[in-house]
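Structure first, commentary second.
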Amino acid sequence: MTHEFKLSRRALIASATAVGASAFLPSIARAAPLKVAGIHGSPVENAWNSVLHAALQEAAKEGVIEYVFSEGVSGTDYGRAMREYAEQGNKLIIGEAYAVESEAREVAGEYPETAFVLGSSGKQAGDNFGVFGTWNHDGAYLAGMLAGKMTKSNTVGAVGAMPIPEVNMLINAFGEGVKAVNPNAKVLVSFIGTFFDPPKAREAGLAQIDAGADILFGERIGTADAAKERGIKAVGSLIDYTPRYPETVFANALWGFRPILNAAIADVAAGKPVGKDYTAFGLLKEGGSDIAFVKGVAPADAEAAMEAKRAEIKAGTFEVPRNMNEPK
């Protein structure tokens, strides 16, 4: 990755995020910092949680919020953590309802004066339970377009957490991108059954390589370790893995949480209900997600085709399929 390219990609995300923030922050900054709690089901080093955590830390550093958090909170303990943070006077609680959908809504009903905005595969509920999805499928599709032109074995792999709708959509989008440019390519899919187990993701990746995959899409952290070990290329998800795996990860389907956070903070600060779906703030055309790739690894014509499709997505003239069925 050239230094100039890396900066331009990050500047693109930063500038888009800043545009999203500018509509909210002036009015927020005049008020006292909002008390916000983060409840992370995995350690904050996990890619998904790290994106949320970084956005919350950034907002705290700017004085927009006061931020406290817990990490590695199990599903059996999640409801208790929600109640404790609500009792402590936090006005907004950010977290994940994927493993506790019913209980999370039940707890929110007990604390109508507290706003809950959680990652979820379900719908919003009432005035105080908002949801957001991790929709970096645009970047996954674009990375798939590159991978489809790069594979020599006509087989690529994808390692995911578990077949919940959002993970399915992301892996399906990667596969659709591959097949859009290489209809004969085969996509192997494995699920590790948990959101954070890098050794297990590595083992799943190694099994896919043994089955013929010469490029891996790592929806889960640890997949790139298998690719590095066997000397093949990999695609990262959510964050930029290329600095960590400079010879292995050539593309990343990025996702940013700050635009979603800004929108939720603005609603709470204005006394508006948060019972809505904030997912759209994280889409590529809204500046919340994108692709970062190392220029020159994929063929030039593949990069040109990908960039053209990226422009169509940003313009709203092409929409990446949102297939939430379990990949087969």
Shortest non-hydrogen contact between [X] and [Y], atoms and distance:
{"X": "Tyr67", "Y": "Ala37", "answer": "CE1-C, 4.5 Å"}
{"X": "Thr248", "Y": "Ala224", "answer": "CG2-O, 4.0 Å"}
{"X": "Leu92", "Y": "Leu34", "answer": "CB-CD2, 4.2 Å"}
{"X": "Ala104", "Y": "Ala97", "answer": "CB-CB, 4.1 Å"}
{"X": "Ala86", "Y": "Phe116", "answer": "CB-CZ, 4.4 Å"}
{"X": "Val178", "Y": "Ala185", "answer": "CG1-CB, 3.6 Å"}

Checklist entry - Are there more than 12 heavy atoms of other residues, nucleotides or ligands under 6.0 Å from atom CD of Gln88? => result yes
Checklist entry - For atom CD of Glu247, is the number of surrounding heavy atoms from other residues, nucleotides or ligands below 6.0 Å larger than 12? => result no
Going hydrophobic residue to hydrophobic residue with side-chain gaps under 4.5 angstrom, can you get from [X] over to [Y]?
{"X": "Ile171", "Y": "Tyr241", "answer": "yes"}
{"X": "Leu216", "Y": "Val297", "answer": "no"}
{"X": "Leu170", "Y": "Leu188", "answer": "no"}
{"X": "Ile265", "Y": "Val68", "answer": "no"}
{"X": "Met82", "Y": "Val268", "answer": "no"}

Heavy-atom donor-acceptor pair, [X] side chain to [Y] backbone, under 3.5 Å:
{"X": "Asn172", "Y": "Arg322", "result": "no"}
{"X": "Glu71", "Y": "Val44", "result": "yes"}
{"X": "Asn128", "Y": "Thr114", "result": "yes"}
{"X": "Glu303", "Y": "Lys295", "result": "no"}
{"X": "Asn168", "Y": "Met324", "result": "yes"}
{"X": "Ser289", "Y": "Asn136", "result": "no"}
{"X": "Gln208", "Y": "Val156", "result": "no"}
{"X": "Asn90", "Y": "Tyr85", "result": "yes"}
{"X": "Lys200", "Y": "Ile192", "result": "yes"}
{"X": "Asn252", "Y": "Asp240", "result": "no"}

Is the shortest side-chain N to carboxylate O distance from [X] to [Y] below 4.0 Å?
{"X": "Asp210", "Y": "Arg230", "value": "yes"}
{"X": "Asp267", "Y": "Lys276", "value": "yes"}
{"X": "Asp77", "Y": "Arg80", "value": "yes"}
{"X": "Arg105", "Y": "Glu110", "value": "no"}
{"X": "Lys179", "Y": "Glu176", "value": "no"}
{"X": "Asp197", "Y": "Arg220", "value": "no"}

Checklist entry - Should Arg310 and Asp290 be marked as a salt bridge (charged side-chain N to carboxylate O under 4.0 Å, His left out) after you check the CA-CA gap, both sets of side-chain angles, and the distance that decides it? => result CA-CA 9 Å; Arg310 177 178 174 273; Asp290 209 335; 2.9 Å; yes
Checklist entry - When the ring planes of Trp255 and Trp48 are compared, do they come out parallel, tilted or perpendicular, using 30° and 60° as the limits? => result parallel
Next on the checklist: Can you tell me how the ring of Phe257 sits relative to the ring of Phe132, calling it parallel under 30°, perpendicular over 60° and tilted otherwise?
Outcome noted: tilted
Item to check | Check against side-chain hydrogen bond (donor to acceptor under 3.5 Å, both in side chains), Glu166 and Tyr98 | outcome: CA-CA 10 Å; Glu166 286 190 332; Tyr98 299 109; 2.5 Å; yes
Item to check | side-chain hydrogen bond (donor to acceptor under 3.5 Å, both in side chains) assessment of Tyr278 paired with Gln124 | outcome: CA-CA 9 Å; Tyr278 290 90; Gln124 63 269 28; over 6 Å; no
Next on the checklist: If you take the centroid of each ring, where Trp contributes its six-membered ring, are Phe318 and Tyr141 closer together than 6.0 Å?
Outcome noted: yes
Item to check | Ring centres under 6.0 angstrom apart (Phe174, Phe217) | outcome: yes
Next on the checklist: Does Tyr245 form a side chain to side chain contact (heavy atoms under 4.5 Å, CB included) with Asp225? I'd like the steps, not just the answer.
Outcome noted: CA-CA 8 Å; Tyr245 302 93; Asp225 293 306; 2.9 Å; yes
Item to check | Criterion salt bridge (charged side-chain N to carboxylate O under 4.0 Å, His left out) on Arg258 and Glu62, from CA distance to verdict | outcome: CA-CA 13 Å; Arg258 188 65 192 272; Glu62 294 170 4; 2.8 Å; yes
Checklist entry - Does some side-chain heavy atom of Leu284 sit less than 4.5 Å from a side-chain heavy atom of Leu142? => result yes
Next on the checklist: I'd like to know whether His40 forms a side chain to side chain contact (heavy atoms under 4.5 Å, CB included) with Leu52, so could you lay out the CA-CA distance, the side-chain angles of the two residues, the decisive distance to 0.1 Å, and finally the verdict.
Outcome noted: CA-CA 9 Å; His40 302 282; Leu52 271 65; 4.1 Å; yes
Next on the checklist: Run the side chain to side chain contact (heavy atoms under 4.5 Å, CB included) test on Ile39 and Ile93 for me, step by step, so that the C-alpha distance in whole Å, both residues' side-chain angles and the decisive distance to 0.1 Å come before the verdict.
Outcome noted: CA-CA 7 Å; Ile39 309 176; Ile93 294 176; 3.8 Å; yes
Checklist entry - When you look at Leu118 and Val131, which way does the side chain to side chain contact (heavy atoms under 4.5 Å, CB included) test go after all the steps? => result CA-CA 5 Å; Leu118 308 183; Val131 298; 5.8 Å; no
Item to check | Donor on one side chain, acceptor on other, Glu101 and Ser120, under 3.5 Å | outcome: yes
